[in-house]
Structure formats: C-alpha cells, structure tokens
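Okay, structure first, notes after.
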Amino acid sequence: SALNKWINLTVSNVTSNTVSGYYGTFFYNGVNVNISNTSAIYVVPLNNSVITNGVTIDGNNNIVFAYAGIYNVQYSIQYTNSGNSVDDVDVWLRQNYIDQTDTNSIFSIPSRETGTIPGKLIAVTPLTVNVNAGDSIQLVTSSATGTSQMTTVPVQTNPNVPETPAVIILVEQVSKI
C-alpha cells in the first residue's frame, strides 16, 4: 500500500546507528466497522503491519510487546456519522484486556452534512504506556447514538488521493525499563 511505501522509504533513509528502541506501525483498511449498539464496546481493528521491531499485532487486534519499556502510542481513527445529530464516541486503552484509567478520550462526530454525506472526524490521541515483555494493548471504542462507524475511504480521483485507512497506530519505545 502507499502507506507501507511511505513508511519504508522514510525508515530506509535513516542510518542504522540513529534508530534505537522498539516500534511498530499498524493500520486497518478493511470494511467499515459500524458502532451501532450503544451498550456495546467495540475493539478497534488492525489488519496490517507496516514496519515492526519488537512490537507486533496478533489475530485479536492486540498490539504485543516483546520487550519491556515505556512506549508512546499514537492513534488516528477515521470516524463517520450517518445520523442527524452529533455522536459522541469514546476511545480508550486496554492493557492485557483490562481497561486503563485516565486513557479515555471523547470525540464528537458531526452529524451528516446533507442527504447521504456523513459527518467526518479523525480522532487523534497520544498515550504513554508502561509494559512488561509479553504484555498486550488494544484500543476500544463505543458510541452514544449508534450512528457512527470507523471508515476506510477508498482511493479518490480528481485529484488523486491515496486510500485513508480507518485506523492508523504508531507505537515507539521512549525508554527501557
């Protein structure tokens, strides 16, 4: 994908003695994920690894750490809302399947513009996590009105714009333990 080419190009131009620590970049560009049940919690999906070193994803949408340390986790989630009113969505972190306090962010997704054109918002937040080797994290989300979804936007033309993955997550070690 274009994202993969960009990340690899950027990293390949860095000399080996300047890259330290462990990292991973992951994304989801599959079918849109409806967040339709207001009493449900949805795991934020991941289906592609771009570049990894000591940080991987498993088949359960977990980001898995091979090495202990303090890591910076940055995410962006492309939300759309087909409803007639603003939808508040929550996004928070789970570590080893346990909800982590003080990690939730609330994003207000605008209502649809006109007709079938949904409201759009990219939710972006940096988080810092302290992990042991073998720990896993995942992002989860919920919706107040049930009218939003995590949306992959396909390649656009006139002008040519690359695909917009529904989810992009960057993880980088900032300190060893």
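Fair warning: this is a prediction, and the values are worked out from it, not measured in the lab.
Side-chain N/O atoms of Asn61 and Gln138 include no donor and acceptor closer than 3.5 Å. Side chains of Ser39 and Asn37: a donor on one and an acceptor on the other come within 3.5 Å. A donor and an acceptor atom, one from each side chain of Thr128 and Asn72, are nowhere located under 3.5 Å apart. Counting only N and O atoms by type, the side chains of Asn130 and Tyr71 include no donor and acceptor under 3.5 Å apart. Side-chain atoms of Thr151 and Tyr79 include no donor-acceptor pair closer than 3.5 Å.
Ser143 approaches Ser148 most closely through the heavy-atom pair OG-N, 4.4 Å. Between Ala133 and Ala66, the closest heavy-atom pair is CB-O, 3.3 Å. Here the shortest heavy-atom pairing between Val171 and Phe65 reads CG1-CE2, 3.6 Å. The heavy-atom pair separating Val153 from Gln78 by the smallest distance is CG2-CG, 4.5 Å.
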Where do Val64 and Ile57 land on the side chain to side chain contact (heavy atoms under 4.5 Å, CB included) test, with the steps shown first? CA-CA 6 Å; Val64 182; Ile57 55 174; over 6 Å; no
Start with the C-alpha gap between Val167 and Phe27, add the side-chain angles, then the distance that decides, and say whether side chain to side chain contact (heavy atoms under 4.5 Å, CB included) holds. CA-CA 5 Å; Val167 179; Phe27 67 97; 5.8 Å; no
What's the verdict on side chain to side chain contact (heavy atoms under 4.5 Å, CB included) for Glu113 and Lys120, showing C-alpha distance, side-chain angles and the deciding distance? CA-CA 9 Å; Glu113 297 173 25; Lys120 300 174 189 76; 4.0 Å; yes
Determine, step by step, whether Ile169 and Leu139 satisfy the side chain to side chain contact (heavy atoms under 4.5 Å, CB included) criterion, reporting the C-alpha distance in whole Å, the side-chain angles of both residues, the deciding distance to 0.1 Å, and the verdict. CA-CA 10 Å; Ile169 299 178; Leu139 292 173; 3.6 Å; yes
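Looking only at distances, no side-chain donor or acceptor of Asn160 sits under 3.5 Å from a matching main-chain atom of Thr157. When atom types are taken as modelled, the side chain of Gln149 and the backbone of Ser82 share no donor-acceptor pair closer than 3.5 angstrom. Counting only distance, with no hydrogens or angles, the side chain of Asn53 and the backbone of Gly21 share a donor-acceptor pair below 3.5 Å. Asp58 contributes a side-chain N or O that, together with a main-chain N or O of Asn60, makes up a donor-acceptor pair within less than 3.5 Å. Within the 3.5 Å criterion, the main-chain N or O of Val31 finds a donor-acceptor partner in the side chain of Tyr28. With hydrogens and angles ignored, the 3.5 Å screen pairs no side-chain donor or acceptor of Asp87 with any backbone N or O of Ser108.
Side-chain contact between Pro45 and Phe26 is absent, with no heavy-atom pair separated by less than 4.5 Å. Between Met150 and Thr141, some side-chain heavy-atom pair lies under the 4.5 Å cut-off. Arg94 is not listed as a side-chain neighbour of Ile137, based on a closest heavy-atom distance of 4.5 Å or more. Put simply, the side chain of Gln74 does not reach to within 4.5 Å of the side chain of Thr125, judged on heavy atoms. By the 4.5 Å heavy-atom criterion applied to side chains, Ile41 and Trp92 are counted as neighbours. Taking the side chain as every heavy atom from C-beta outward, Tyr23 and Val55 never approach each other to under 4.5 Å. Side-chain contact between Leu46 and Ile63 is present, with heavy atoms from C-beta onward closer than 4.5 Å. In this structure, the side chains of Val73 and Leu170 stay at 4.5 Å or more apart for every pair of heavy atoms.
The line from OG of Ser76 to CD1 of Ile122 is 6.0 Å long, rounded to the nearest 0.5 Å.
Shown are Thr38, Asn84, Asn81, Thr80; of these, the side-chain hydrogen bond (donor to acceptor under 3.5 Å, both in side chains) with Thr147 is made only by Asn81. The one candidate from Thr152, Thr164, Asn48 that meets the side-chain hydrogen bond (donor to acceptor under 3.5 Å, both in side chains) condition with Asn29 is Asn48.
A continuous path of hydrophobic side-chain contacts links Phe107 to Val33 [ILVMFWY only; heavy atoms under 4.5 Å]. Cluster membership check: Val91 shares its hydrophobic cluster with Leu121, using side-chain heavy-atom separations under 4.5 Å among Ile, Leu, Val, Met, Phe, Trp and Tyr. Cluster annotation: Val44 and Val140 are assigned to distinct hydrophobic clusters (Ile/Leu/Val/Met/Phe/Trp/Tyr, side-chain heavy-atom contacts under 4.5 Å, transitive).
Between Tyr22 and Tyr67, the ring planes lie parallel to each other; the angle is under 30°, not in the 30° to 60° tilted range.
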